Amino acid sequence: MQTLTLSNILHQHFPDALHFSLLKSSKTHQETQQLHAFSLKTGVFSHPSLSSRLLSLYADPNINNLRYARSVFDRIQHPSLVLWNIILKCYIQNQQSHEAISLFVLLLGHFPPDEFTFPCVIKACAKLTALKEGKQIHGLVLKLGFGLDKFVQASLVYLYSKCGKIGSGYAVFDQMDEKDLVSWNSLLDGYARCGEVKAAMKVFDEMPEKDCFSWTVLIYGLAKCGEELVSWNTMINGYMKAGDTNSACKLFDQMPTRNLITWNSMIGGFKLNLRFLEALEMFERMLEEEFRPTHATLVSVISAVSGLASFGTGRLIHSYTVKNGIELDGVVGTVLIEMYSKCGGIDSAVTVFRTISHKKFGHWTAIIVGLSIHGMADHALKLFLEMRRIGVKPNAITFVGVLNACGHVGLINDGHKYFNMMINEYGIKPAIEHYEAKDIIEEMPMRPNKVIWMTLLSGARNHRNTKIGEYAAQHLIELAPETTGGYVVLSNMYAVAGEWEKVSEVREMMKKRGLRKDSGCSSIEHKGMVHNFIVGDKSHPQTKEIYSKLAEMREKLKLAGHVPDTSQVLLYIEEEEEKEAELENHSERLAIAFGLINTEAGCPIRIMKNLRVCSDCHSVTKLLSKIYRREIIVRDNSRFHHFKDGLCSCKDFW
């Protein structure tokens, strides 16, 4: 007598349930074989769900056993179209395209093919370069109405490209509504195989995305056509665009010959990846090997100088353009204006602008933006009106410069006027950069970003409006809790207001979130070398002379009537003398002392600072510019300040 167990009951009444459950959990080849044997032994193999599942497992790429898959397929009495498609795909996976086509012929006696069948069999034709059979199948595709299926189209592009019929491939490609990377690569491969280099490069440039295969195909095609140098240059350009500067450098060093495109690819690539110093070094090597720079070369080099804020280097490259008769009417003139503006040489930027005989839109916008970041609102607005008068149409970037010019000197009414002009006269939709004040922020049609809230927070600090500052900081921290600057500005506001408990709270919040305040650092360029200073720095080789000059500066400031604003000391220090000493050691004062020692009398002193200039240092620098009869140009983290004759270009609004 048979013992009744759960297993027996399942076998008797639900024979497929147990098997199918086990098959669903089967993952390995061994497990699938064991269950296959078990299903044959128990007589339930013929159940459609089980046999179909077994076929799918054997055909799965993780197992991929064609022999067993075909064995299962042949035992199925009436295989569905889905199963025909599975076994077809398995043949192709196992590089048996001939057999796949033969199987497709058998399928036609049972079912009309569908959108899953055609891509498989067309791929088999492509692998065999069986153009005749492929064309016949293409005819069947059109007859059955699958000509616009994106997967069928992609396989046809692949077929014709592999068979050297790129015209037919492009005709299919051109009809595709959705062009995936595989289709682009197939078309690219087709042109490369046919030796149509220009067409291949055109396709490559138009591709919305590229992968390693795209680059390999293009390089192979170029090399095949005897374009070895073009192939090298293409690879360098590709590595640079992908951010892999090390691989680009290795290729560059291995090249048997180089041309101007090679040098431009390297220089432009370094600039693209913010490796500005390497871009300039590569430019020097280029000149040493007696290659003449093009406009494209100079645009990249001058942009790299802007990134380094190296005024001296910028002047040298400007001199090179003058000596070699390079016209500034185009982009070179625009980037020169931008470079001088960013390096603190706004007078030089204006000179370049004036020397350009045929000024274009880019020149006007560059000088207006440059003047605005230097706080020269009157000059910027005058040029803007002149630009409009002669019929040059401003764009959104131009208006960013105009509105910043108004904002930097507190021209609120003018700012509103130009804001409305931008919308009503020029139909320019305001972007996030066009908003600044709290009331405007609250009426913005888009959600303010962290730049907007940071701008409002900085404005509140300038006006010592703690309430507005807290409002802006709250929104900033909610939106971008990783923005260190927001915490720092809020903490500084509390410190100036003497609210030391709140200072501690903000600093504790930063500590818990793993955020650290950047140390104040000021830099000054002298004879091609950049000298960096931090608060109380005593590491410089000229430390003794610098602190001696600081003492001299202190005495002269006292005689001029300066009273230190110790509220700007952002540390909890009780003694006034200690607070004054803390202010005297700020990084920009060390840089100014260095500049007074090492530059000739009457020469401007240019300083870059990573943080905002405090109110006391701002007052001191105004007095020092008058005492020593020097123009002192300081760029902090938001703008330029031009100190001259005891005044600042910001008009004490920053």
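We number each residue from 1, following the sequence as shown. Computation of the quantities below employed the complete heavy-atom set of this structure, encompassing side-chain atoms and omitting hydrogens, waters and symmetry-equivalent molecules. Computed from a predicted structure; not experimentally measured.
Judged by distance alone, the side chain of H374 and the main-chain N or O of S341 form a donor-acceptor pair under 3.5 Å. A donor-acceptor distance shorter than 3.5 angstrom exists from the side chain of D211 to the backbone of F213, with no hydrogens or angles considered. Side-chain atoms of R606 never come within 3.5 Å of backbone atoms of I524 as a donor-acceptor pair (strictly under, hydrogens ignored). Side-chain atoms of N273 come within 3.5 Å of backbone N or O of G269 as a donor-acceptor pair. Counting only distance, with no hydrogens or angles, the side chain of S247 and the backbone of D244 share no donor-acceptor pair below 3.5 Å. When atom types are taken as modelled, the side chain of T483 and the backbone of A480 share a donor-acceptor pair closer than 3.5 angstrom. Side-chain atoms of S372 never come within 3.5 Å of backbone atoms of N404 as a donor-acceptor pair (strictly under, hydrogens ignored). In this structure, the side chain of D414 does not engage the main chain of C406 through any donor-acceptor pair within 3.5 Å. Under the 3.5 Å distance criterion, the side-chain polar atoms of T621 are matched with a main-chain donor or acceptor of C617.
Within a 6.0 Å radius of NZ in K241, other residues, nucleotides and ligands contribute 12 heavy atoms or fewer. Counted within 6.0 Å of CZ on F146, heavy atoms from surrounding residues, nucleotides or ligands total more than 12; the atom is thus considered enclosed. For K360, the NZ atom counts as densely surrounded, since its 6.0 Å shell holds more than 12 non-hydrogen atoms of other residues, nucleotides or ligands. More than 12 heavy-atom neighbours from other residues, nucleotides or ligands sit within 6.0 angstrom of CD1 on I326. Crowding of N413 atom CG: a count of heavy atoms from other residues, nucleotides or ligands under 6.0 Å not exceeding 12.
When each of I356, I368, L336 is tested with H363 by the rule side chain to side chain contact (heavy atoms under 4.5 Å, CB included), just one qualifies, namely I356.
Considering only heavy atoms from C-beta on, I236 stays 4.5 Å or farther from T234 through its side chain. Counting only heavy atoms from C-beta outward, the side chains of F640 and S649 never approach each other to under 4.5 Å. Contact check for D329 versus S357: side-chain heavy atoms found under the 4.5 Å cut-off. In this structure the side chain of H586 reaches within 4.5 angstrom of the side chain of C614, judged on heavy atoms. A 4.5 Å side-chain heavy-atom check between N185 and K210 finds every atom pair outside the cut-off. Y170 is listed as a side-chain neighbour of Y191, based on a closest heavy-atom distance under 4.5 Å. Counting heavy atoms from C-beta on, the side chains of M266 and M240 come closer than 4.5 Å. A heavy-atom distance below 4.5 Å is not found between the side chains of D636 and L611.
Separating the CG atom in N395 from the CE atom in M422 is a distance of 11.0 Å, to the nearest 0.5 Å. R292 CZ to L260 CG: the interatomic distance, rounded to the nearest 0.5 Å, is 10.5 Å. Put simply, CE on M339 and CG on L308 are 11.5 Å apart, with the number rounded to the nearest 0.5 Å. Rounded to the nearest 0.5 Å, atoms NZ (K271) and CD1 (I302) are 11.5 Å apart. Rounding to the nearest 0.5 Å gives a distance of 9.0 Å between CG of L187 and CE of M207. The distance from the CG atom of L148 to the CG atom of D177 is 7.0 Å, given to the nearest 0.5 Å.
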- Would you please test I633 and H641 for side chain to side chain contact (heavy atoms under 4.5 Å, CB included) and show each step? CA-CA 6 Å; I633 303 163; H641 300 264; over 6 Å; no

Mind running side chain to side chain contact (heavy atoms under 4.5 Å, CB included) on V182 and Y158 for me, showing each step along the way?
CA-CA 8 Å; V182 173; Y158 177 64; 5.9 Å; no

- request: Please test I267 against V301 for side chain to side chain contact (heavy atoms under 4.5 Å, CB included), starting from the C-alpha separation and ending with a verdict.
  value: CA-CA 7 Å; I267 294 167; V301 170; 3.8 Å; yes

Requested in this report: Check the pair E178, Q153 against side chain to side chain contact (heavy atoms under 4.5 Å, CB included), reporting the backbone distance first and the verdict last.
Outcome: CA-CA 10 Å; E178 297 180 42; Q153 288 176 319; over 6 Å; no

Evaluate side-chain hydrogen bond (donor to acceptor under 3.5 Å, both in side chains) for D180 paired with S183, printing each intermediate quantity in order.
CA-CA 5 Å; D180 60 7; S183 302; 2.6 Å; yes

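One finds no salt bridge joining E115 and K150 here, because no Lys/Arg side-chain nitrogen approaches an Asp/Glu carboxylate oxygen to under 4.0 Å. Salt bridge annotation for K202-E206: present, with a cationic side-chain nitrogen under 4.0 angstrom from a carboxylate oxygen. A salt bridge links E470 with K502: the distance from a Lys NZ or Arg NE/NH1/NH2 to an Asp or Glu carboxylate oxygen falls below 4.0 Å.
Separation of the F399 and Y426 ring centroids falls under the 6.0 Å cut-off. Between F384 and W364, the distance separating the two ring centers is not shorter than 6.0 angstrom. Between F252 and W263, a ring centre-to-centre spacing shorter than 6.0 Å is recorded.
Taking every heavy atom of both residues into account, V332 and H295 meet most closely at CG2-CD2, 3.5 Å. In plain terms, the two heavy atoms of T398 and M387 that are nearest each other are CG2-SD, 4.0 Å. The two residues Y418 and L385 have their closest heavy-atom pair at OH-CD2, 4.1 Å. Annotation for L188 and S214: closest pair CD2-O, 3.5 Å, computed over non-hydrogen atoms. In this structure, L515 and P481 approach most closely via the heavy-atom pair CD1-O, 3.5 Å. The two atoms that bring N532 and S523 nearest to each other are OD1-CB, 3.0 Å, heavy atoms only.
Aromatic ring pairs are classed by plane angle as parallel below 30°, tilted from 30° to 60° and perpendicular above 60°; the pair H618 and F643 is perpendicular.
Figure legend: cation-pi geometry between K393 and F361 absent, as NZ or CZ is not positioned both under 6.0 Å from the six-membered ring centre and within 45° of its axis.
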Scan the side chains in residues 274-283 for donor-acceptor partners under 3.5 Å anywhere in the protein, sequence neighbours excluded, and list what turns up.
{"unit_1": "R275", "atom_1": "NE", "unit_2": "E278", "atom_2": "OE2", "d": "2.9"}
{"unit_1": "R275", "atom_1": "NH1", "unit_2": "T245", "atom_2": "OG1", "d": "2.8"}
{"unit_1": "R275", "atom_1": "NH2", "unit_2": "E278", "atom_2": "OE2", "d": "3.3"}

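Neither side chain, S265 nor N237, offers a donor N or O lying under 3.5 Å from an acceptor on the other. Side-chain polar atoms of S186 and S161 form no donor-acceptor pair below 3.5 angstrom. In this structure, a donor-acceptor pair under 3.5 Å is present between the side chains of N264 and T294.
Applying the side-chain hydrogen bond (donor to acceptor under 3.5 Å, both in side chains) test to residues at least two apart or on different chains, the pairs with a partner in residues 303-323 are S310-T313, S310-E525, H318-Y340.
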